[in-house]
Amino acid sequence: MTSGLWELVLKGVWVTIQLLVCSALLGAVVSFAVGVARTHRLWIVRFLAGVYTEVFRGTSALVMIFWVYFVLPVAFGWQLVPLWAGTLALGLTYGAYGSEIVRGALNAVDPAQKEGGIALSFTPWQRLRLILLPQAVPEMIPPFSNLLVELLKGTALVSIMGMGDLAFSGNLVRLALQESAEIYTIVLLIYFVIAFVLTRGMRGLEHRLKAGTGKPVGSTPDQELDRPQTTGVGGAVA
């Protein structure tokens with residue numbers, strides 16, 4: 001390929017990374033907000049969070065991108081640029097999947113830990129911040145790592161809006177060179193490299209978070225039972 005075509009591919013990589021970061025940040029906020037809401041003591045909060053989760057898990061990310069980019073301007077009279085339309089559609093969609101990860105991890109915390117917080121007269125927010133999240137977040141990292149890779153692959157859907165991401169740029173180069181095998185192989189390798197970096201980074205984050213709780217990475221439930229359990233508050237033994 002010529003230098004100009006390589007530059008086009010590199011610009012596509014940069015657009016993909018921008019979209020990935022923005023939609024991942026939005027998805028993380030949505031995941032924690034909705035996931036925590038699904039464990040709320042008020043049924044109406046749990047119900048509304050559940051409705052959101054089911055709606056966005058039950059719809060296609062591709063159709064959601066179409067809806068945000070083409071329907072919103074008609075319905076509300078304002079048009080999002082492709083980057084923000086893609087961010088909104090992907091962030092809300094993958095945030096719904098992430099909310100289930102958060103809900104499951106919070107519910108998996110030993111009930112005795114929650115009871116310890118109640119015994120110490122902690123408010124619900126204090127129990128969440130000081131007891132539940134420190135123990136639940138390390139368990140969220142592996143499934144969030146998988147979800148992040150899925151989000152990376154989902155970014156290719158924005159090419160339907162004519163957004164110059166990696167998939168769109170790769171297709172333009174293919175049309176210019178009339179060479180499919182070489183170009184698509186290069187695009188696949190670039191996606192793989194980005195995904196590999198993401199998974200290694202998430203693995204390192206998991207190591208750090210579990211080191212803070214005294215749990216070895218990759219420990220099994222049987223191994224956890226053999227370890228002294230703490231309340232997560234002052235290191236007291238439960």
Side-chain angles (χ1 to χ4, degrees), residues 23-59 88 90-151 198-199 201-238:
S23 54
L25 289 175
L26 175 59
V29 172
V30 171
S31 296
F32 277 90
V34 178
V36 171
R38 296 207 66 188
T39 65
H40 201 275
R41 65 182 184 276
L42 296 178
W43 73 268
I44 186 63
V45 176
R46 297 195 304 271
F47 174 76
L48 293 175
V51 169
Y52 169 85
T53 301
E54 294 304 323
V55 167
F56 279 88
R57 286 198 309 171
T59 54
L88 184 61
L90 293 175
L92 293 177
T93 299
Y94 284 88
Y97 290 99
S99 68
E100 283 297 279
I101 296 174
V102 174
R103 182 190 64 83
L106 290 175
N107 287 337
V109 175
D110 190 346
Q113 311 291 321
K114 306 173 188 178
E115 294 167 4
I118 296 173
L120 292 171
S121 300
F122 282 2
T123 64
W125 167 246
Q126 287 175 319
R127 293 198 299 271
L128 176 68
R129 182 171 59 89
L130 299 176
I131 299 176
L132 299 180
L133 285 179
Q135 297 181 71
V137 168
E139 306 304 326
M140 301 177 194
I141 300 302
F144 266 129
S145 179
N146 291 334
L147 191 61
L148 190 59
V149 173
E150 289 299 319
L151 176 58
L198 290 175
T199 54
M202 294 293 282
R203 185 69 170 175
L205 179 61
E206 182 187 3
H207 273 277
R208 294 189 61 182
L209 291 176
K210 286 200 170 183
T213 61
K215 296 180 181 179
V217 176
S219 58
T220 64
D222 290 338
Q223 290 173 322
E224 290 300 319
L225 290 175
D226 293 336
R227 298 177 60 84
Q229 299 297 312
T230 63
T231 63
V233 183
V237 176

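- Note that OG1 of T53 is 11.0 Å distant from CG of L48, once rounded to the nearest 0.5 Å.
- Legend: salt bridge (charged side-chain N to carboxylate O under 4.0 Å, His left out) pairs involving residues 113-125, not counting sequence neighbours: none detected.
- Scanning for side chain to side chain contact (heavy atoms under 4.5 Å, CB included) contacts around E54 gives R57, with sequence neighbours left out.
- Of the possible polar contacts, none joining the S145 side chain to the I141 backbone as a donor-acceptor pair under 3.5 Å is found.
- With sequence neighbours left out, the side chain to side chain contact (heavy atoms under 4.5 Å, CB included) criterion links P143 to I101.
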Residues L133, L106; criterion side-chain contact (heavy atoms from CB on, under 4.5 Å); working and verdict: CA-CA 7 Å; L133 285 179; L106 290 175; 4.0 Å; yes
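- For M140 against A105, the heavy-atom pair with the smallest separation is CG-CB, 3.6 Å.
- The line from OG1 of T93 to CG of L26 is 10.0 Å long, rounded to the nearest 0.5 Å.
- Judged purely by atom type and a 3.5 angstrom limit, S99 uses its side chain to pair as donor or acceptor with the backbone of A96.
- Here V45 pairs with A37, H40, L42 under the side chain to side chain contact (heavy atoms under 4.5 Å, CB included) rule; sequence neighbours left out.
- You'll find the side chain of F144 stays beyond 4.5 Å of the side chain of L148, heavy atoms only.
- S31 approaches G95 most closely through the heavy-atom pair OG-O, 3.3 Å.
- For Y52, the ring-ring contact (aromatic ring centres under 6.0 Å, His included) partners are F56, not counting sequence neighbours.
- Between S23 and L90, the closest heavy-atom pair is CB-CB, 4.0 Å.
- Considering CG of L132 and CG of D110, their distance stands at 11.0 Å, rounded to 0.5 Å.
- Heavy atoms only, all atoms of each residue included: E206 and P142 are closest at OE2-CG, 3.5 Å.
- The CG atom of L151 sits 9.0 Å away from atom CG of L198, with the distance rounded to the nearest 0.5 Å.
- Closest approach of A136 and V109 over heavy atoms only: CB-CG2, 4.1 Å.
- Within the structure, the salt bridge (charged side-chain N to carboxylate O under 4.0 Å, His left out) test picks out the following pairs touching residues 91-109 (sequence neighbours left out): R38-E100, E100-R103.
- Closest non-hydrogen pair, Q113 versus Q135, comes out as OE1-NE2, 3.4 Å.
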